[in-house]
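See below for the structure under consideration.
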Amino acid sequence: MPNLVKFGLRSCYTLYWRKLGPVSTLQGTQIARRYASKYVKNDTVKVRKNGEKSINKVSGKFISPVNKCPEIPQAPCSPSSEHQEKKSLVEQTKILQTEPLTAGQAVAHFATEPKPLQEPATTGDDRKPPKDEGKDSNRLYWLLLAAILLAGGVGVLQNYNVFDREPSKKAADEEEKKKKLRVPLTSAEIPKEVPYLLIGGGTASFAAFRAIKSHDPKAKVMLITDELEMPYMRPPLSKEIWQNTDSTGKLSFKQWNGVERSLFYEPDEFYLHPKDLTESTNGGVSVVRGYTVDHLDVVQNLAILSDGTEIRYGKVLIAPGSIPKNLDIFTAAPLAVQNKVTTFKNIVDYRHLLSVLENAKSVAIIGGGFLGSELACSVAKIGTGKKIQVFQIFHEHGNLGKVLPEYLCKWTTERVREEGVTVMPGNQVVKAEQSGKQVKLHLIDGKVVIVDHVVVAAGSEPNTLLAKKSNLELHSELGGYIVNTELQARSNVYVVSTCRDIVFI
């Protein structure tokens, strides 16, 4: 709103009001006639074409064709009365010249700078009627109204950051950075044909290539992921890794027995470079990082990458994982609010949240499931020792309310509160707006929570983008892949994910 007021005042100030035409559109001759008709007993004036003076039969006044005010006839009266009449006329003329609302700027111009009349002499019957004053008299009003509407529209657009191009630029920078860090650097180094192709870099793909290697030690397996990291464990991202005593983002954690372990399943030396996989006599596993499979040609056994590169496979496993959900209340909010709202799924999300918490003093976690409850406790007891106020907001009656009975649900909620979390069950966010550099959350019970950052941990949904482009069947109600008891969606095409992402037939 302050930006809107500033813009409106600036717009009104910069308009060149002095250059606007007079409000009155009457010409000088018309103003003179109106003046004569107002201050003289009768305005029936007759002017001869030969330029001679003619006498008005009604008033007895002499009218000259020259642009002058009507002469006062010398009626028989005393000198004092004649002087008073002239004085009265002069005063009226002064009033007429100083009142802009009576005749506008044209009267002052006509009175101070007399010019010869350009209008031809006409009789009283031939005079044209004056123009309609209502058409242009409100021009100033409409200009002000247009300026206010324009300021209001720009203010609304600015409030929603319609002119802000930073998010798109940020996404482009991230994509460019991803291209520089991907392995291999160019798709020309990716093998054009592999016996086993795994799409996805999560736990499912790791378990799959271990099973393949145990069955065939010399098998050649290639894994493609759009992430830049080697396969890693995701559960510690919301638990043990937050107990690290430094803030460098070290991807390791201490297990329950006190032994420190890396977040990655295998060291980098375990994997082959993609360009060496084809020539390896003993087989091996290679990971193609930073690339995305656009779609499959299940008839020709081809996987087509987003840049058009084709890879022929013997068998392919689709393990895309899931996509974290966001809430409509945040996706429809202004970009300034969206920039302070994140989901939590992978290493990138962990590093981003860790960097945010370096300067933040409060955070709101939306969701009361496993991820939301674990993350709330971990952030409240962060290993660096920094005190952060954590609000956990969810609509269930207690933590893990969808999976635990009521008495265990209440017990879990009390344990979470003991960790320093402000638990707000039976609630939901109905409005999110910016408050300075923070986010103001309006809850359904009327409470207001102001925090520095918001993390949405409200579940996930199946990642079926590849299925839609590859003409694979999806369940019409549940939305997951349709497979048989062997997890097979097509010949040589297998799908593995969470139970809700696949539907058995």
Side-chain angles (χ1 to χ4, degrees), residues 178 181-234 251 261-321 346-347 463 466 470 472 481 483-497 502:
K178 187 176 181 180
L181 298 176
R182 64 186 185 181
V183 178
L185 289 177
T186 62
S187 57
E189 299 179 272
I190 300 176
K192 303 305 179 185
E193 184 175 358
V194 291
Y196 299 98
L197 179 64
L198 311 180
I199 301 175
T203 303
S205 292
F206 171 76
F209 77 66
R210 280 210 310 184
I212 293 173
K213 292 293 290 183
S214 63
H215 177 73
D216 183 6
K218 293 187 178 182
K220 298 178 181 179
V221 183
M222 186 168 70
L223 187 150
I224 299 180
T225 175
D226 57 354
E227 295 188 58
L228 299 175
E229 309 291 345
M230 292 294 188
Y232 59 91
M233 294 174 279
R234 298 184 188 272
L251 299 178
R261 180 179 177 180
S262 172
L263 192 67
F264 300 98
Y265 287 112
E266 301 288 351
D268 293 347
E269 295 79 12
F270 173 83
Y271 303 97
L272 291 175
H273 193 278
K275 66 180 181 180
D276 300 328
L277 181 63
T278 304
E279 304 298 330
S280 176
T281 57
N282 294 323
V285 179
S286 63
V287 181
V288 177
R289 294 173 284 165
Y291 290 86
T292 303
V293 177
D294 184 74
H295 64 280
L296 298 178
D297 185 344
V298 297
V299 177
Q300 301 296 328
N301 284 13
L302 292 175
I304 296 89
L305 304 184
S306 56
D307 62 355
T309 303
E310 295 183 354
I311 303 173
R312 187 174 298 277
Y313 59 83
K315 296 183 184 297
V316 61
L317 175 68
I318 302 175
N346 50 35
I347 288 179
N463 185 358
L466 186 59
S470 305
L472 299 178
Y481 292 84
V483 298
N484 59 16
T485 55
E486 303 295 329
L487 300 179
Q488 194 172 22
R490 288 285 193 278
S491 297
N492 301 321
V493 179
Y494 299 84
V495 181
V496 60
S497 188
I502 58 177

- Sub-3.5 Å donor-acceptor pair from the side chain of R312 to the main-chain atoms of Q300, do we have one? yes
- Task: Count the heavy atoms of every other residue, nucleotide or ligand shown that sit under 6.0 Å from NZ of K192, and state whether that count exceeds 12.
- Result: yes
- For Y291 and R182 the tightest heavy-atom approach is OH-NE, 3.4 Å
- Donor-acceptor contact below 3.5 Å, side chain Q488 vs main chain R490: yes
- Shortest non-hydrogen separation from Y313 to N492 and the atoms involved: CE1-O, 4.0 Å
- Item | Minimal non-hydrogen separation, Y271 against V287, with atom names | CD2-CG2, 3.6 Å
- For L228, does its backbone N or O pair with a side-chain atom of R289 as donor and acceptor, under 3.5 Å? yes
- Pairing of R234 and E227 as salt bridge, 4.0 angstrom limit: yes
- Residues P191 and M222: closest non-hydrogen pair is CD-SD, 3.6 Å
- pair I347-L263: side-chain heavy atoms closer than 4.5 Å: yes
- Considering non-hydrogen atoms only, spot the tightest contact between H295 and L466 and give its length. CA-CD1, 3.5 Å
- Item | Distance in Å, L197 CG paired with I311 CD1, rounded so as to fall on 0.5 Å steps | 6.0 Å
- Give a yes or no answer on whether the side chain of S280 reaches the backbone of L277 with a donor-acceptor pair at less than 3.5 Å. no
- Check: N301 main-chain N/O paired with D297 side-chain donor or acceptor under 3.5 Å: no
- Message: Contact between K218 and K213 at the side-chain level, heavy atoms closer than 4.5 Å - yes or no?
- Response: no
- Task: Identify the two heavy atoms, one from A208 and one from L198, that lie closest to each other, and give their separation to 0.1 Å.
- Result: CB-CD1, 4.3 Å
- Task: Please confirm whether the backbone N or O of L472 pairs with a side-chain atom of S470, one donor and one acceptor, at under 3.5 Å?
- Result: no
- Task: Report yes or no: does T309 contribute a side-chain atom to a donor-acceptor pair with the main-chain N or O of L305 at less than 3.5 Å?
- Result: no
- Task: Assess whether side-chain hydrogen bond (donor to acceptor under 3.5 Å, both in side chains) is satisfied between Y265 and T203, documenting all intermediate values.
- Result: CA-CA 9 Å; Y265 287 112; T203 303; 2.7 Å; yes
- Query: Do the side chain of K220 and the main chain of T278 share a donor and acceptor less than 3.5 angstrom apart?
  - Reply: yes
- Message: What I want to check is whether the side chains of T292 and D226 have a donor and an acceptor closer together than 3.5 Å.
- Response: no
